[in-house]
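Here is how names work: the chains are called A, B, and so on, in the same order as the sequence lines, proteins then strands, and each is numbered from 1. The shown structure was predicted, so the numbers you read here are calculated from the model rather than taken from an experiment.
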There are 2 protein chains.
Amino acid sequence: MPRRNGGPRRPSVTDVAKQAGVSVGTVSNVLNRPDSVSPATRAKVEEAIGELRFVRNASARQLRSGEITTVGAVVLDIANPFFTEMARGIEDRLAQDDHTLMLCSSDEDPEREARFLRLFEERGVRGVIATPSHGSLDGLLALRERGTDVVLLDHTSPVPEIGSVAVDDVGGASLAMNHLLDLGHTRFVFLNGPLTLRQCVDRRDGVIATLTSRGFDPAEALVEVNLDALNADAADAAVHRLLAETTERPTAMFCANDFTALGALRALRDCGVSIPGDMAVVGYDDVIFASMLTTPLTSVRQPMHTLGWTAADMLLRESEPGRSRQVEFEPELVVRASSGSAI
Amino acid sequence: MPRRNGGPRRPSVTDVAKQAGVSVGTVSNVLNRPDSVSPATRAKVEEAIGELRFVRNASARQLRSGEITTVGAVVLDIANPFFTEMARGIEDRLAQDDHTLMLCSSDEDPEREARFLRLFEERGVRGVIATPSHGSLDGLLALRERGTDVVLLDHTSPVPEIGSVAVDDVGGASLAMNHLLDLGHTRFVFLNGPLTLRQCVDRRDGVIATLTSRGFDPAEALVEVNLDALNADAADAAVHRLLAETTERPTAMFCANDFTALGALRALRDCGVSIPGDMAVVGYDDVIFASMLTTPLTSVRQPMHTLGWTAADMLLRESEPGRSRQVEFEPELVVRASSGSAI
DNA sequence: TCGGGTGAGTGTATCGTTTCACCATTGGAT
DNA sequence: ATCCAATGGTGAAACGATACACTCACCCGA
């Protein structure tokens with residue numbers, strides 16, 4: 001039975017009732033419907049609560065009443081500012097309705113993800129917000145089918161029963177490329193990540209489409225580099241290789257992610273390429289330190305806080321009829337020194 | 001009563017028992033002590049569980065058995081990599097014992113902190129790990145007194161009933177200063193934060209002590225700058241002011257935090273001060289991007305993951321007798337290009 | 001044949017709340 | 001005097017899973 005660690009049993013409503021000389025029902029009323037109790041008895045009960053240091057038992061409460069004020073969230077990586085910023089947004093929306101967030105990091109491991117989903121379900125959470133790891137949505141779909149509300153984050157939902165909040169990655173890439181084209185650049189590098197990630201595929205589509213629509217032949221104007229992972233070291237190495245091989249060097253570079261942009265910047269400086277003079281650079285995500293680099297980084301900003309806020313909002317309004325279930329936001333370009341002007 | 005959202009009631013052990021033609025006790029045995037059930041009946045029960053898509057109700061389970069596998073943690077800022085890295089450490093240790101973490105961010109707001117502590121207590125968590133906001137430990141002490149185990153993180157405990165895991169900030173500052181002294185520097189800037197933060201006070205003590213012990217008079221060799229907040233913009237402005245005012249410029253700078261170091265680097269470059277040629281710079285925390293700057297930053301690394309791991313370990317072993325309750329780790333200096341050599 | 005041991009399964013009390021049908025007491029209105 | 005409604009309060013029945021004391025076969029050795 002639940003005891004204080006090593007100590008005596010925690011006081012229950014029964015103890016409070018005894019101490020105050022009333023029935024348990026009255027104690028419960030004081031706790032949940034204080035207006036329906038006379039001031040005198042309420043005072044007595046409250047005093048007893050204080051004296052005994054009574055603290056409600058959430059398990060019993062939830063078991064009986066079924067009232068749920070917890071929402072579960074699984075993100076890909078809790079160490080990435082992109083996700084923590086979204087978590088902030090979720091939390092802020094939940095706080096408005098006195099709900100709380102239970103945050104877990106799947107580390108892109110489907111097994112961990114499944115474990116957390118089961119945990120949430122056993123807990124009987126109000127709903128789950130998830131950034132699915134690695135394509136497979138089966139677990140989430142099954143969960144939804146068993147009756148738990150689900151909202152997808154940074155991933156568009158393929159089915160109408162599951163809501164989703166995402167960002168237009170095709171459009172984001174267009175923003176970046178149009179910016180560079182407007183500056184007069186004609187030869188580009190696209191430093192992209194693995195094409196198993198939806199984000200990378202979408203951003204590539206945006207790059208290609210933009211070039212084509214502006215009258216360029218991608219096969220000619222674009223050098224594509226695909227990294228194994230979206231991190232700085234991989235980017236650093238790739239850029240070194242690129243500079244060594246290429247004879248006619250491009251003048252602009254679009255990176256799929258700010259971390260890769262960071263690595264690229266390091267490599268470029270290493271090789272004596274000035275930024276933005278010899279090479280304009282644009283990143284993606286606008287993470288916290290993008291503006292704090294020695295050469296502040298132009299980047300595509302995603303409304304991270306709003307994403308989280310909206311997902312939580314969608315979950316809490318789940319029962320409302322006829323609202324839109326698939327939301328997509330537009331990213332925004334933040335221009336800083338690293339792109340500059342080609343003229 | 002707990003229902004699927006909008007759907008029928010979730011199946012319970014009773015439903016499973018009926019479906020499988022056994023008693024509820026047997027179902028419970030299959031769930032918790034599968035070896036004590038014959039293979040034939042176990043199969044029947046498991047089939048029923050699958051058919052009905054039965055999922056345990058955690059509230060009822062916890063209410064009856066008192067078994068707790070959740071630990072609560074409150075950190076100051078979930079967006080700071082320093083804290084998320086510690087959270088990782090906590091989670092890794094908890095996973096070993098099949099426990100899970102409920103992570104909350106107090107945003108340094110004592111009211112939010114109190115709200116989360118109450119939530120944890122009502123939930124009957126196994127214990128709480130907290131980085132206390134703003135000095136006052138009263139809430140934590142009261143919680144402990146009511147029987148919930150508590151471990152302090154990045155803060156030394158003033159009382160024996162509460163364990164703590166912290167880092168020697170005095171020693172960390174010494175590492176940084178000794179490094180700069182060894183390089184031959186003789187005039188220093190200490191870019192510190194507000195002295196209401198324990199960390200800033202301790203680091204200052206370390207700076208002063210080190211200078212003194214190496215034969216310098218701090219009043220002469222050291223320029224102290226106290227920022228209102230530990231962020232890049234404040235540091236940037238302060239360094240601009242400093243360079244304008246000072247006639248005999250110091251050659252080395254120690255920053256209380258990597259974010260302030262970032263701002264300082266920006267200001268220095270702005271003013272044409274070369275790094276590390278004209279000014280060596282050392283930061284604190286070794287956050288993720290410290291190594292990825294154009295001039296990689298020398299920084300004092302704290303064993304963040306280990307801190308979290310140890311705190312969780314301490315909590316899980318709470319009942320063991322005679323183990324040390326106040327742990328302090330030593331930080332480590334990571335030397336990179338930004339400090340270089342003064343010779 | 002009997003007593004005892006063992007393995008498999010049953011039935012019910014229990015955890016701490018909330019809910020809800022139900023009583024008592026009051027103070028008017030009829 | 002009688003009835004009615006309102007007000008404040010009671011106490012037992014849930015909620016779903018677990019623990020535990022118990023029954024019932026069945027087998028074994030004496």
Side-chain angles (χ1 to χ4, degrees), chain A residues 1-4 8-46 48-49 52-69 118-119 121-124 146-147, chain B residues 1-4 8-46 48-49 52-69 121-124 146-147:
Chain A
M1 46 226 98
R3 329 178 131 269
R4 301 174 180 199
R9 212 183 94 269
R10 266 165 63 155
S12 74
V13 274
T14 314
D15 300 320
V16 174
K18 224 170 275 169
Q19 171 93 5
V22 298
S23 75
V24 289
T26 302
V27 176
S28 178
N29 282 335
V30 169
L31 256 24
N32 302 298
R33 283 170 298 276
D35 294 336
S36 76
V37 179
S38 77
T41 33
R42 196 196 316 169
K44 269 196 305 186
V45 172
E46 275 164 355
I49 287 177
L52 296 176
R53 296 165 161 183
F54 166 77
V55 175
R56 263 173 159 110
N57 180 321
S59 296
R61 184 180 165 69
Q62 172 165 342
L63 174 59
R64 183 59 240 246
S65 74
E67 198 175 81
I68 316 291
T69 58
R118 165 157 285 266
L119 189 87
E121 192 176 11
E122 290 187 357
R123 276 255 188 311
R146 263 176 266 126
Chain B
M1 46 227 96
R3 330 177 130 271
R4 301 176 179 196
R9 211 181 93 267
R10 268 165 62 155
S12 73
V13 273
T14 315
D15 300 320
V16 174
K18 225 169 275 170
Q19 170 93 4
V22 299
S23 76
V24 288
T26 302
V27 177
S28 177
N29 282 336
V30 170
L31 257 24
N32 303 297
R33 283 170 298 278
D35 295 335
S36 76
V37 180
S38 78
T41 33
R42 196 196 315 169
K44 270 194 306 184
V45 172
E46 275 164 356
I49 287 177
L52 296 176
R53 296 165 162 185
F54 166 78
V55 176
R56 265 171 154 109
N57 180 321
S59 297
R61 185 177 163 71
Q62 172 166 340
L63 175 60
R64 183 64 242 254
S65 75
E67 198 175 81
I68 316 290
T69 57
E121 191 175 13
E122 291 187 355
R123 277 254 188 308
R146 264 176 266 125

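- B:Val22 is listed as a side-chain neighbour of B:Val45, based on a closest heavy-atom distance under 4.5 Å.
- The side-chain heavy atoms of B:Thr41 and B:Val30, taken from C-beta on, include no pair separated by under 4.5 Å.
- The separation between A:Lys18 atom NZ and D:dG11 atom P is 13 Å, rounded to whole Å.
- Side-chain N or O atoms of A:Gln62 include one that pairs as donor or acceptor with a backbone N or O of A:Arg123 at under 3.5 Å.
- In terms of phosphate contacts, B:Asn57 brings no side-chain nitrogen or oxygen within less than 4.0 Å of OP1 or OP2 of D:dA17.
- If you take CD of B:Glu122 and P of C:dT18, they are 10 Å apart, rounded to a whole angstrom.
- Here D:dA17 presents its C1' atom at 14 Å from CD of A:Gln62, a figure rounded to the nearest Å.
- The interatomic distance linking B:Arg123 (CZ) with C:dT17 (P) rounds to 14 Å, in whole Å.
- The side chain of B:Ser38 approaches C:dA8 more closely than any other nucleotide in the set C:dA8, C:dG16, C:dT19.
- An OP1 or OP2 oxygen of C:dT19 is reached within less than 4.0 angstrom by a side-chain nitrogen or oxygen of A:Arg33.
- Rounded to whole Å, the distance from CG on A:Asp15 to P on C:dG16 is 8 Å.
- Crowding of A:Lys18 atom NZ: a count of heavy atoms from other residues, nucleotides or ligands under 6.0 Å not exceeding 12.
- Minimum atom distance to the side chain of B:Ser12 is reached by D:dA17, of the listed C:dG9, C:dT17, D:dA17.
- Looking at A:Asn32 and A:Arg61, their side chains come closer than 4.5 Å, going by heavy atoms from C-beta outward.
- Whole-Å rounding puts the B:Arg10 CZ to D:dG16 P distance at 10 Å.
- Between A:Lys44 atom NZ and D:dG9 atom C1' the separation is 10 Å, expressed in whole Å.
- The residue among A:Thr14 and B:Asn29 whose nearest nucleotide of DNA chain C lies closer to the 5′ end is B:Asn29.
- A sub-4.0 Å separation between OP1 or OP2 of D:dT18 and a side-chain N or O of B:Ser65 is absent.
- Using a 4.0 Å heavy-atom distance criterion, A:Val27 is classed as making no nucleic acid contact.
- Here D:dG8 presents its P atom at 10 Å from CZ of A:Arg42, a figure rounded to the nearest Å.
- In this structure, A:Arg64 does not reach the D:dG16 phosphate: none of its side-chain N or O atoms is under 4.0 Å from OP1 or OP2.
- Contact annotation: A:Arg56 side-chain N/O to C:dT18 OP1/OP2 distance is under 4.0 Å.
- Heavy atoms of A:Thr41 sit under 4.0 angstrom from primed sugar atoms or phosphate atoms, though from no base atom.
- Ranking C:dG16, C:dT18, C:dT17 by closeness to the A:Arg61 side chain, first place goes to C:dT18.
- For the OP1/OP2 pair of D:dT10 and a distance below 4.0 Å, the side-chain nitrogens and oxygens of A:Thr26 include at least one atom meeting the criterion.
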